[in-house]
Amino acid sequence: MSLAGRGVLVTRPAGMADALAERIERAGGRALRFPAIVIEPLGRPAAFDRLHEFALAVFVSPSAVACALAMTGPWPRGVRAAAVGEGTRRALERSGFAEVIAPRQGADSEALLAAPELAGFAGKRVLIVRGAGGRELLARALAERGCQVEIAECYRRAPPSRDAADLRAEWAQGKVHALTAFSAEALDNLLALFGEARLAAVPLFVPHERIAEHARRRGLQAIIAGPGDDAMVERLVAYFHERD
């Protein structure tokens, strides 16, 4: 089974699409890179001057890892790291973090909150590293568990700045066979650029139910692949194999 002859739209931000794109191409497909979100660094959060005061830092995305580490010096040894999903965990491990707390299943705030290791941080100071305007669930739930929570917003998400004319041409030529989206915001940006009819004409693959639900509210149907790049490619391959 392979993705031979299939063009798959990879919509992760620039610099974060390579791992998935490479897997698609190893499976015989053609990865069409189009960042649906642009990551723009913000000013350095004041909390980064006091990292040693925290027992745990929770990173909500690979973008949070990249932006935070670009703004900080050596990470204090006594501050544990947690990741919302597999991609964030891998980004932390590549940056030298060990024993990263991450969900055993799933890739969102709810999945991380289910990790038993978090129970040991009740009453301790926890820093959440995220983008501007992120979900409040994680901070609220940790505070309810007795954690002293502080938030460091170190980037913001912006709509794509790249000209979409080339991609529209590929779509018109029937070279886009599947679409991947990893956040509700990315999906909204794609709808604004390309319209519902074009997106509805190809299968949409998402990592979990929350994004699939958002897709349904926007008039689209989504296939839930599960968290992680391997799961995404396996679901893509299985989908097209069923139709060959």
Side-chain angles (χ1 to χ4, degrees), residues 1-25 27-40 61-63 85 87 107-108 131-135 156-244:
M1 295 190 294
S2 76
L3 290 173
R6 312 290 186 179
V8 180
L9 191 60
V10 179
T11 60
R12 281 196 174 127
M16 299 177 189
D18 289 348
L20 177 58
E22 288 166 6
R23 284 170 170 79
I24 289 169
E25 288 165 358
R30 180 169 170 245
L32 305 169
R33 291 173 172 84
F34 185 86
I37 289 178
V38 175
I39 301 300
E40 298 180 344
S61 68
S63 297
D108 54 18
R135 295 177 74 200
R156 76 179 188 95
R157 297 169 292 271
S161 55
R162 175 180 153 186
D163 184 4
D166 290 347
L167 182 55
R168 287 193 182 93
E170 297 231 29
W171 224 314
Q173 295 164 21
K175 294 181 180 180
V176 179
H177 301 95
L179 164 68
T180 63
F182 296 88
S183 71
E185 187 173 0
L187 187 56
D188 287 343
N189 290 343
L190 292 168
L191 281 164
L193 278 170
F194 302 110
E196 181 181 326
R198 187 172 274 136
L199 266 64
V202 296
L204 166 65
F205 293 81
V206 301
H208 52 73
E209 172 59 30
R210 185 162 53 84
I211 302 174
E213 182 181 347
H214 182 79
R216 289 191 289 271
R217 289 198 298 267
R218 295 301 310 270
L220 301 173
Q221 294 299 314
I223 298 163
I224 301 173
D229 294 342
D230 290 336
M232 180 63 72
V233 174
E234 287 169 9
R235 190 66 187 89
L236 282 160
V237 169
Y239 175 88
F240 287 113
H241 177 70
E242 291 166 1
R243 284 151 181 81
D244 285 341

> Taking the side chain as every heavy atom from C-beta outward, state whether Q221 and L204 have any pair of such atoms under 4.5 Å apart.
no

> Can you name the nearest heavy-atom pair linking A27 to V233, along with the distance?
CB-CG1, 4.1 Å

> Give the minimum heavy-atom separation between S2 and V237, together with the two atoms involved.
N-CG1, 3.9 Å

> With a 4.5 Å cut-off on side-chain heavy atoms, are T11 and N189 touching?
no

> If you round to the nearest 0.5 Å, how far is CE of M16 from CD1 of I37?
10.5 Å

> Any salt bridge linking R33 with D18? Criterion: basic side-chain nitrogen under 4.0 Å from a carboxylate oxygen.
yes

> To the nearest 0.5 Å, tell me how far R210 CZ sits from S183 OG.
8.5 Å

> May I ask you to test the L193-R168 pair for a side-chain heavy-atom distance under 4.5 Å?
yes

> Parallel, tilted or perpendicular: which one describes the rings of F194 and W171, with boundaries at 30° and 60°?
tilted

> Heavy-atom distance under 4.5 Å between the side chains of R157 and I39, does that happen here?
yes

> Is any side-chain heavy atom of L199 closer than 4.5 Å to one of L187?
yes

> Are the side chains of L167 and L9 in contact, using a 4.5 Å heavy-atom criterion?
yes

> Closest heavy-atom contact between R218 and E196?
O-OE1, 3.7 Å

> Is any side-chain heavy atom of F182 closer than 4.5 Å to a side-chain heavy atom of M232?
yes

> Once rounded to the nearest 0.5 Å, what's the spacing between atom CD1 of I24 and atom CG of L32?
8.5 Å

> Does E209 pair with R216 as a salt bridge, N-O distance under 4.0 Å?
yes

> Write down the atom of H177, the atom of V202, and the distance for their closest heavy-atom approach.
O-CB, 3.9 Å

> Could you check whether any side-chain heavy atom of V206 comes within less than 4.5 Å of a side-chain heavy atom of I224, counting everything from C-beta outward?
yes

> Nearest 0.5 Å please: distance from the CZ atom of R12 over to the CG atom of D229.
4.5 Å

> If every non-hydrogen atom of V10 is compared with every non-hydrogen atom of A17, which pair is closest and at what distance?
CG1-CB, 3.7 Å

> Looking at CD of E25 and CG of L3, how far apart are the two atoms once the value is rounded to the nearest 0.5 Å?
10.5 Å

> If you measure from CG on D108 to NE2 on H208, what distance do you get to the nearest 0.5 Å?
5.0 Å

> State, to 0.1 Å, how close A231 and A225 come at their nearest heavy-atom pair, and which atoms those are.
CB-O, 3.6 Å

